[in-house]
2 protein chains.
Amino acid sequence: MRYDGRLSRMLHVLIHMARHEGAATSELIAQMLNTNPVVVRRTMAGLREQGYVHSEKGHGGGWTLSRRLEEMTLLDVYRAVGEPPLFAIGPACDRPECLVEQAVNGALADAFAEAEKLLLERFAHVTLADIAADFDSRMVRHPALAGHPGSACSS
Amino acid sequence: MRYDGRLSRMLHVLIHMARHEGAATSELIAQMLNTNPVVVRRTMAGLREQGYVHSEKGHGGGWTLSRRLEEMTLLDVYRAVGEPPLFAIGPACDRPECLVEQAVNGALADAFAEAEKLLLERFAHVTLADIAADFDSRMVRHPALAGHPGSACSS
DNA sequence: CCTTATGCAACAAGCAAAGTTACAAACTCT
DNA sequence: AGAGTTTGTAACTTTGCTTGTTGCATAAGG
């Protein structure tokens, strides 16, 4: 896989959960995401530790939201999935002796630090409710796709 | 995801080349970067296609700069190495049917597009001469490391 | 020609995310 | 208490990418 899809997956599932009555099992969530239950549990563990979701074992168990979508930002979710690296480009060497390489790393680090700051600020200002609202407007435009809570993604 | 170090490596080598008399062989460059000659040739191929460097076979051959550092920006080099993906985070699925996932991808894509724009603008305004100047000022502060053109990086 | 170089293709190594299997632990319902 | 569900977790496999390596063809110089 080329990208780390954890953030995207978790956003996806959280919004689905908000529209789901009662607890959703890992199995059901896995079908929504077209993945498998163990990956779901693995990634949801981070969200549980941060108190965004709750899990219950046994009959009728599964996952439930413990916060409203208005109270969760992209930044919250990003942190809960372990703050994976944002950038795919980096220094060839972390502690170079070569002063040229130090200068190169410095120039790149400056640029990336600025971009990271922008990105995280942006994340902090987008709530999951914003995304859900975007979903609602898409549903108005494409009502035919409305009933795809478990939309498989074949790509 | 692990980092793509091509941009960093090429910046490093271009600045070294500017301070090198005559042609530099892939072997010599590989020693500077603590890597091997084939990787050097592979990555330099992109720079050659864009006309930033020139290569010569046979005795006394090797690589030479065909532009001054003032005339090359980070953006130029980034493009010449093939515009590798900047971000390590992406959608779980490129063409989702699910409207929720479409909304999620949209929100993320917006944020990343903004960050990418900032980053590339920043790249476009930094020339290799700027980095070389930073190197010079580092050398003033740490003259002991001045003679490390082939500084191995052990990390 | 013989040496020195690049050019290129093919393959192995290394790494991280994702997928899978297996099983223990906890909970519910009868 | 016992049967059936569901999470929790560890271990392993698969996949996709960059990097490393080998081998050989090609071209330039002496």
Side-chain angles (χ1 to χ4, degrees), chain A residues 1-10 12-13 17 22-31 33-49 53-64 66 81-94 152-155, chain B residues 1-10 12-13 17 22-31 33-49 53-64 81-94 152-153 155:
Chain A
M1 302 278 168
R2 193 159 152 201
Y3 294 120
D4 186 322
R6 281 175 290 187
L7 175 58
S8 168
R9 283 204 311 271
M10 287 303 102
H12 187 179
V13 73
M17 284 170 66
T25 65
S26 301
E27 179 60 41
L28 174 63
I29 293 173
Q31 286 170 11
L33 270 52
N34 200 38
T35 179
N36 77 74
V38 178
V39 174
V40 170
R41 288 198 272 270
R42 200 147 63 195
T43 320
M44 298 280 278
L47 295 177
R48 183 184 53 223
E49 279 163 24
V53 297
H54 175 74
S55 64
E56 201 91 41
K57 290 180 178 177
H59 256 302
W63 300 85
T64 48
S66 19
V81 297
E83 307 195 37
L86 289 171
F87 300 105
I89 287 183
C93 166
D94 282 329
C153 175
S154 50
S155 79
Chain B
M1 183 190 274
R2 200 164 160 263
Y3 289 128
D4 185 322
R6 281 176 287 188
L7 176 57
S8 169
R9 282 206 310 274
M10 286 304 102
H12 186 178
V13 73
M17 283 171 67
T25 65
S26 301
E27 179 61 41
L28 175 62
I29 293 173
Q31 286 170 13
L33 300 181
N34 200 38
T35 178
N36 77 73
V38 179
V39 174
V40 171
R41 286 198 272 269
R42 198 145 64 193
T43 322
M44 297 280 278
L47 296 176
R48 184 184 50 221
E49 280 163 22
V53 297
H54 175 74
S55 64
E56 201 89 42
K57 290 181 176 177
H59 257 302
W63 300 86
T64 48
V81 297
E83 307 194 37
L86 289 171
F87 300 105
I89 287 183
C93 166
D94 281 329
C153 175
S155 77

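Every chain is numbered from 1 and lettered A, B, ... according to where its sequence line falls, protein lines coming before strand lines. Everything quoted here is computed from the prediction, not taken from an experiment.
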Taking [atom1] from [X] and [atom2] from [N], how many angstroms apart are they, rounded to a whole number?
X	N	atom1	atom2	value
B:Y3	D:dT19	OH	P	13 Å
A:L7	C:dA18	CG	C1'	16 Å
B:E83	D:dT18	CD	P	14 Å
B:I89	C:dA18	CD1	P	10 Å
B:R6	D:dC17	CZ	P	11 Å
B:L28	C:dT4	CG	C1'	14 Å
B:Q31	C:dA5	CD	C1'	15 Å
A:D4	D:dC17	CG	C1'	14 Å

With a 4.0 Å cutoff (strictly under), does any side-chain N or O of B:T35 reach OP1 or OP2 of D:dT19?
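Answer no for this pair, as no side-chain N or O of B:T35 is under 4.0 Å from OP1 or OP2.
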B:S26: partners by side-chain hydrogen bond (donor to acceptor under 3.5 Å, both in side chains), with sequence neighbours left out
B:R41, B:W63
If I take atom CE from residue A:M10 and atom CE from residue A:M17, how far apart are they, to the nearest 0.5 angstrom?
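Going from the CE atom of A:M10 to the CE atom of A:M17 covers 9.5 Å.
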Which residue, A:T43, A:V39, A:V40, forms the side-chain contact (heavy atoms from CB on, under 4.5 Å) with A:I29?
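The side-chain contact (heavy atoms from CB on, under 4.5 Å) with A:I29 is passed solely by A:V40 among A:T43, A:V39, A:V40.
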Under the side-chain contact (heavy atoms from CB on, under 4.5 Å) rule, collect the residues that match up with [X], sequence neighbours excluded.
X	result
A:A45	A:R48
A:T25	A:E27, A:L28
A:E56	A:H54

Which pairs, protein N/O on one side and nucleotides 3-13 of chain D N/O on the other, fall under 3.5 Å?
residue, atom, partner, partner atom, Å
D:dT7, OP1, A:S26, N, 2.7
D:dT7, OP1, A:S26, OG, 3.2
D:dT7, OP2, A:S26, OG, 3.3
D:dT7, OP2, A:R41, NH1, 3.1
D:dT7, O3', A:S55, OG, 3.4
D:dG8, OP1, A:R48, NH1, 2.4
D:dG8, OP1, A:S55, OG, 3.0
D:dG8, OP2, A:R48, NH1, 2.6
D:dG8, N7, A:R41, NE, 3.2
D:dA11, N6, A:R42, NH1, 3.4

